[in-house]
Structures are given as structure tokens and as C-alpha cells.
Amino acid sequence: MLLNSDRLDWTYIRAFLAVAETGSLTAAAKKIGQSQPTLGRHVKAAEAALGTHLFVRVASGLQLTEAGLLLLEPARDMERAYARMATLAAGHDERLSGTVRITASVVISHYLLPPIIAEIRSSEPDIEIELVPSDTTENLVFREADIAIRMFRPEQLDTVTRKLEEQPLALYAAHDLLLQRGQPKNLKDLAAFPFVGFDRSEMILRQMRKLGFQIDKHYFGVRCDQQAVFWELVRAGCGVGAMQTCIADADPKVRKLSFQPDLPSLPMWLAAHETLHKSPRVKRVWKLLIDHLAPG
């Protein structure tokens with residue numbers, strides 16, 4: 001292995017990591033937003049600069065060579081150092097302009113944030129907003145998001161958090177479904193209703209079992225794990241479903257059931273890397289989100 005450090009560009013190391021983590025040029029190109037030919041050239045440039053082959057082609061895609069495995073952890077160290085430099089630099093940007101990247105759950109992004117973002121843009125037209133709907137945990141350290149809205153308290157180190165409010169949940173159904181069946185008066189009535197459930201996730205299933213329903217996933221005649229689509233299925237009349245009251249009470253297509261079992265509330269938290277939180281634009285968007293999501 002013969003290293004030519006003058007030719008070792010961070011872009012090439014980033015390409016190496018993306019392919020190592022995804023196992024193919026196609027998936028890696030999609031992950032980092034580059035074309036496949038460009039990514040392929042960067043991998044070859046990394047191999048030329050390092051003086052060794054990093055991957056070998058196998059039936060399933062690309063597999064790390066022995067040298068590639070040896071260099072993987074040092075490359076990850078470089079990624080962490082690069083991310084820390086970018087975060088520290090962004091935290092010292094004094095402009096009340098630029099981009100703030102927000103991540104939130106699909107439901108919050110779809111039903112709650114659009115009018116709030118419109119007001120943020122009206123108040124601060126020089127701040128651009130990128131919204132990332134995601135039900136996975138975005139990494140604030142690696143700048144995948146500047147601000148995260150989470151339904152749990154983030155535990156990452158060097159993270160500033162703020163609890164916004166507890167969001168009550170309730171059961172709802174479409175108007176037509178309630179016209180057909182009437183409002184349930186008790187748990188037995190409720191059990192006779194069709195429900196929309198999740199597919200692979202057992203979250204709803206576990207909660208209903210706590211309420212005394214001895215059921216499996218086939219109790220749900222319609223199932224979907226994508227939560228915005230789940231809610232659209234409820235709105236269309238496919239069955240009863242739970243939703244945050246701040247979203248569903250304003251929805252003209254559904255009504256709250258008159259009988260409500262005890263459901264847990266969902267805590268809502270804001271989180272940002274402590275360095276980025278000092279940036280004027282991030283601090284401003286942070287405050288505006290608090291004003292809208294935790295008024296008073």
C-alpha cells in the first residue's frame with residue numbers, strides 16, 4: 001500500500017465510505033446525491049491515491065478487500081473530524097440568513113409543520129428551510145439536521161433539548177363510518193369497529209392488548225406502517241385510528257369517538273447540536289418553533 005497524500009481528497013474518502021456502507025455504487029450514489037459514474041471515478045481516485053484496491057466485485061455488488069477493511073475505521077475517523085469542523089464553523093456563522101434543516105416525523109411534517117414554516121418564512125425571508133420528514137433518528141452531530149422535532153427526548157451528547165408539550169392521543173373515525181355504526185358507548189362497542197393498524201410495527205397492537213383486546217395483527221383489516229398514509233386510510237373510512245388531537249380535532253373528515261379508552265400522550269421535544277444552537281439563524285428558527293408548538 002503506497003499512499004500519495006497529495007491526491008487524497010476528502011471527496012474520495014466520502015465515496016469510499018458510502019460504497020462500503022451500502023455495498024453498491026447505485027445505492028451509494030443515491031445516498032450522497034451524486035451520479036453513479038462520478039462516484040465510480042471517486043472510488044477509483046481513492047484507490048489510486050491510497051495505492052491499493054478497496055473493493056472486489058461480488059454477485060451482490062461490491063465487497064471490501066482486506067485493505068478496504070483495514071482503512072474503514074480511519075476513514076470513519078476522518079468523517080467524524082470533518083463533520084465536527086463543519087458543525088463548529090456553522091455555529092460561528094453570525095448571519096441571520098442561510099439554510100436551516102429541520103427533521104420531524106412524517107405525521108408532524110405533513111400535517112403540523114407546513115403552516116408554521118410558512119409563517120417562519122414570512123417572518124424571516126432570508127432564512128431558507130429544508131424539511132426532512134423521517135421516522136428514523138437523524139444524526140445531529142453529522143449535520144443531517146440542524147433542528148430535530150422528536151416524540152422522545154434525544155440522548156445524543158452535546159445536544160440542546162427543549163420539551164415543548166405533551167400531545168394527547170385520541171381515537172377517530174370518518175363521518176361515514178360513524179353514520180353506519182353509530183358512536184361506541186363502551187369497550188365492547190369499540191371492539192366491534194374495524195381498525196386501521198400498522199403492518200410490521202407492533203406499537204398499536206401492544207397498546208390494544210393493554211386495553212384488553214386479545215388480538216393479533218389480522219384484527220386490522222387494513223394495515224400500513226407509513227403514518228401519514230395510515231391517517232389517510234382512517235380519513236377515508238377504512239377504520240378507527242389514533243391521532244394527536246392537535247391534528248385530528250381540526251380535520252373535517254373525522255370525528256372523535258365518544259368513548260375513549262386511556263391512551264398515552266406523546267411528548268414533543270426540540271433538539272439541536274449545542275454548537276449549532278448558537279448560530280443566529282438556528283436560534284431564531286428554534287424560537288419560532290417554540291412559539292408555534294408550545295404557545296404560552
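None of these values were measured; they are calculated from a predicted model.
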Can you tell me how the ring of Trp286 sits relative to the ring of His277, calling it parallel under 30°, perpendicular over 60° and tilted otherwise?
perpendicular

Parallel, tilted or perpendicular: rings of Phe213 and Phe195 (30°, 60°):
perpendicular

Spell out, as yes or no, whether a donor-acceptor pair under 3.5 Å connects the side chain of [X] to the backbone of [Y].
| X | Y | answer |
| --- | --- | --- |
| Thr99 | Ile129 | no |
| Ser122 | Ala118 | no |
| Arg181 | Ala192 | yes |
| Asn186 | Phe259 | no |
| Asp146 | Arg101 | yes |
| Thr65 | His53 | yes |
| Arg150 | Leu270 | no |
| Gln260 | Leu171 | yes |
| Asp225 | Asp199 | yes |

Report yes if the side chains of [X] and [Y] come closer than 4.5 Å at any heavy-atom pair, otherwise no.
| X | Y | value |
| --- | --- | --- |
| Met151 | Met268 | yes |
| Pro194 | Leu177 | yes |
| Asp158 | Thr275 | no |
| Gln167 | Leu112 | yes |
| Pro261 | Met208 | no |
| Leu169 | Gln244 | yes |
| Val240 | Tyr172 | no |
| Leu64 | Leu71 | no |

Single-linkage hydrophobic cluster, 4.5 Å side-chain cutoff, [X] and [Y] together:
| X | Y | result |
| --- | --- | --- |
| Ile147 | Trp269 | no |
| Phe152 | Ile108 | no |
| Val19 | Leu69 | yes |
| Leu233 | Leu205 | yes |
| Ile290 | Val282 | yes |

Are more than 12 heavy atoms from other residues, nucleotides or ligands located less than 6.0 Å from atom [atom1] of [X]?
| X | atom1 | answer |
| --- | --- | --- |
| His175 | NE2 | yes |
| Lys44 | NZ | no |
| Lys31 | NZ | yes |
| Asp262 | CG | no |
| Glu66 | CD | no |

Do Phe198 and Phe220 have their ring centres less than 6.0 Å from each other?
no

Short side-chain donor-acceptor distance under 3.5 Å, Thr38 and Arg41:
yes

Which heavy atom in [X] sits nearest to a heavy atom in [Y], and how many Å separate them?
| X | Y | result |
| --- | --- | --- |
| Ser109 | Pro133 | OG-CA, 3.5 Å |
| Val107 | Ala228 | CG2-N, 3.9 Å |
| Ala271 | Pro154 | CB-CG, 3.5 Å |

Salt-bridged, Glu232 to Arg235, with N to O below 4.0 Å?
yes

